[in-house]
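Everything on this sheet refers to the single structure shown next.
A, B, ... follow the sequence lines: proteins, then strands. Residue 1 opens every chain. Values in this document were obtained by computation on a predicted structure and should not be read as measured data.
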Number of protein chains: 2
Amino acid sequence: MTWETAEPVGAKPTLRDVALAAGVHLATASRALSDAPSRPVAPRTVALVRQAAARLGYVPDQVARSLRTHRTPAIGVLIPDMSNPVMPPLVRGAEQRLAQYGYTTLFADTDNDPAAETKRLTMLLSWRVAGLILATARRDQPLAAELVNSGVPVVLMSRKLDATPVPSVTVDESVGIAQALGHVLELGHRRIAYLGVPQWTSAGHERLVAFRDNIASRGLTLPPEFVVTCAGYGEQDGAAALAGLLDRPDRPTAVLTGNDMMALGCYDAIRSAGLRCPEDVSVVGYNDMPLTDRVDPPLTTVRVPYFDVGRQAATLLVEKLAEANDIDRSVRLTPRLVVRGSTAAARAS
Amino acid sequence: MTWETAEPVGAKPTLRDVALAAGVHLATASRALSDAPSRPVAPRTVALVRQAAARLGYVPDQVARSLRTHRTPAIGVLIPDMSNPVMPPLVRGAEQRLAQYGYTTLFADTDNDPAAETKRLTMLLSWRVAGLILATARRDQPLAAELVNSGVPVVLMSRKLDATPVPSVTVDESVGIAQALGHVLELGHRRIAYLGVPQWTSAGHERLVAFRDNIASRGLTLPPEFVVTCAGYGEQDGAAALAGLLDRPDRPTAVLTGNDMMALGCYDAIRSAGLRCPEDVSVVGYNDMPLTDRVDPPLTTVRVPYFDVGRQAATLLVEKLAEANDIDRSVRLTPRLVVRGSTAAARAS
DNA sequence: TTGAAAGCGGTACCAG
DNA sequence: CTGGTACCGCTTTCAA
């Protein structure tokens, strides 16, 4: 490929130029360049045109093509915040699969701001994207549902809605929680706390609910204060929440958290209380973000296959687009507990 | 905003619909909706049209608009690998600024594969993007230079070319290295090793060169083996490189690395050699990626303002686009050493 | 198998 | 200030 045309800067060769150079009609050139096998074009003509196109460095104008065909090979991807460590693999997985199918990814980071989200969405829609992948959906957000009603194919990535069934690729949080809980129970812990992330996302909510259900179904009981919903996603939120619990005489000997950052906050709270992890308090994180194996102590956590979630989300959308029918399938992947050094057997109490 | 039109799914209202609804001519509707202040339109007409547009949920078709105006408010952003921890802030910064100026970000992750890069690039070019931000440039890569010649405005993000001066936003690596080196020298270290990342990127290269220059300009000498270029960017690469050095009787007492992952690899090598960090060997990383403050020991490293680099890259490109002239300005930001626990005073030797 | 021509949804120029 | 109209680059139907 070469962009070193001798023509004036910015003057990209058009199909007309190619046709002229090949000595054929515009329409013929179009057909010759088309991949559709049903086009009746003489092989010699095809060769001629293709050659001319290559020589001129012709790149078809997707804008013109889209206008004419009403089909735009572009997918909008909405991300709440790229600095959240679970997002990069999600985006990477989605973009890779989309590109593989010839789609361009229109990327937008909403910075967790609903107003920004609306603006970005309008922008994407103005491009007449073929579909949308949303990693921004909140449980109660009507936005995604509205989009679906408007006819734009939408797939939710790593999130779901409470009320409306929108195709999604998520993770079976109950499996992750069951494994995490099973692990600390096996280690002999009985006073177990759960520090949930904020509950606007389905993932965070499902984790907390799964914890409650698991506790109940195993016939265990816990002080109600042991299940807490934090105000934010950060280390401080986890630290603050756990600090309140460590003061109690019946303090928890193990704590499960809704994400890894909060788990690291627990490390701080434990240290501040003059205790140690895992000797005094075991900690289990969630997500298995990078470097959790390097912190001190290495974090036991639930590994979530985010790259696959992204890839599957793209796959699902591409399928919907291709089959043109309303397959409202959803996909659910399975997380897996990774045991490291932040959990240990409960002391004889 | 609402997408709940009563019309058949997929039938987005067009400007003609708006004009009809407002009882004005198509061209008038266009003018009324235009932001250009020079348009002579009666205020009442504007109100009428805007109202009709809102009622119908009209979103202008960017594709049609672009075709007509030859101006596409879209910028392609090429990333080598989103799972590299320096990339998310870069992308986030760029996208935020671009959106602020009304540009849509066309995102592509090339997976560090030149073939994929070419394909993705063609895809972006077919969209007639107004400009390109490349975080993929290698020092010798003619690709970026070709692009510039072809007339597409290009800005390099966090990278530069050896031969061709392309506008870029980078970091003054010599400052980072000088600070890191100054720090360990002050701590009394004299046998200092440098483990460089692969040298295809300007950043990695400049760091290594800066180290050599700094050593020389301070009148120090080092065994030539103390400056090594690793084969990859990973922990293993750093570990392997340092392991070879720790065997020597004159083993280094401090090591600077080209990135944080390699620094963590050094931790492993030091441990394997039966030594300790920082007591026996001090380690300085580069980038200050997330959680480096949480590893054991907390990593002393050079903090690079990647979010700003991304934002400035977008700013630079937007300026080029607006001023329409060939400002070939480049921007250079300054990194800053963050001292943590992986460096300590050299022992009396 | 190829040429001719319509038209996608806007913008911008020109006339009124 | 508003209406009429050419046209951006390409695909596609219809004739030749």
Checklist entry - Can you list the steps and then say if B:T170 with B:L333 is a side chain to side chain contact (heavy atoms under 4.5 Å, CB included)? => result CA-CA 6 Å; B:T170 51; B:L333 303 181; over 6 Å; no

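Using a cutoff of 4.0 Å between basic side-chain nitrogens and carboxylate oxygens, B:K12 and B:D61 are not scored as salt-bridged.
Proximity of B:T14 to the phosphate of C:dG9: no side-chain N or O atom is located under 4.0 Å from OP1 or OP2. Note on A:T69: every side-chain N or O is 4.0 Å or more away from OP1 and OP2 of D:dT11. Look at A:T45 and you'll find a side-chain N or O under 4.0 angstrom from OP1 or OP2 of C:dT2. For C:dG10, one of the phosphate oxygens OP1 or OP2 lies less than 4.0 angstrom from a side-chain nitrogen or oxygen of B:Y58.
Listed by chain and number, the residues in a salt bridge (charged side-chain N to carboxylate O under 4.0 Å, His left out) with B:D140 amount to none (sequence neighbours excluded). Checked against salt bridge (charged side-chain N to carboxylate O under 4.0 Å, His left out), A:R139 has the following partners two or more places apart in sequence or in another chain: A:D162.
Going from atom CZ of B:R31 over to atom P of C:dC14 covers 13 Å, rounded to whole Å. If you take CD of B:Q62 and P of D:dC8, they are 19 Å apart, rounded to a whole angstrom. Between the CG atom of B:D17 and the P atom of C:dC8 there is a distance of 12 Å, rounded to whole Å. For B:L67 and D:dA6, the CG to C1' distance is 13 Å, given to the nearest whole Å. The NE2-P distance, from B:H70 to D:dC7, rounds to 13 Å in whole Å. In this structure, A:L33 places its CG atom 8 Å from P of D:dT11, rounding to the nearest Å. Distance NZ (A:K12) to P (D:dG9): 11 Å, rounded to an integer number of Å.
Without hydrogens or angle criteria, A:D81 side chain to A:S83 main chain gives a donor-acceptor distance under 3.5 Å.
A 4.5 Å side-chain heavy-atom check between A:I75 and A:T104 finds every atom pair outside the cut-off.
If one axis is set at each end of the helix from C:dT1-D:dA16 to C:dG16-D:dC1 from five pairs, those axes are 40° apart, to 10°.
Of the two residues contacting DNA chain C, namely B:T28 and B:D61, the nearest-nucleotide position lying further toward the 5' end is that of B:D61.
Between the side chain of B:R68 and the base of D:dG9 there is no donor-acceptor pair of N/O atoms closer than 3.5 Å.
Among pairs with a residue in residues 95-110 of chain A, those fulfilling salt bridge (charged side-chain N to carboxylate O under 4.0 Å, His left out) read A:E95-B:R120, A:D109-B:R92, at least two apart in sequence or across chains. Each salt bridge (charged side-chain N to carboxylate O under 4.0 Å, His left out) pair with one or both residues in residues 67-77 of chain A, not counting sequence neighbours, would appear here, but there are none.
Closest heavy-atom contact between B:G310 and B:M157: CA-SD, 3.7 Å.
Taking a 4.0 Å limit (strictly below) on heavy-atom distances, residues 19-27 of chain A reaches DNA chain D at A:A27.
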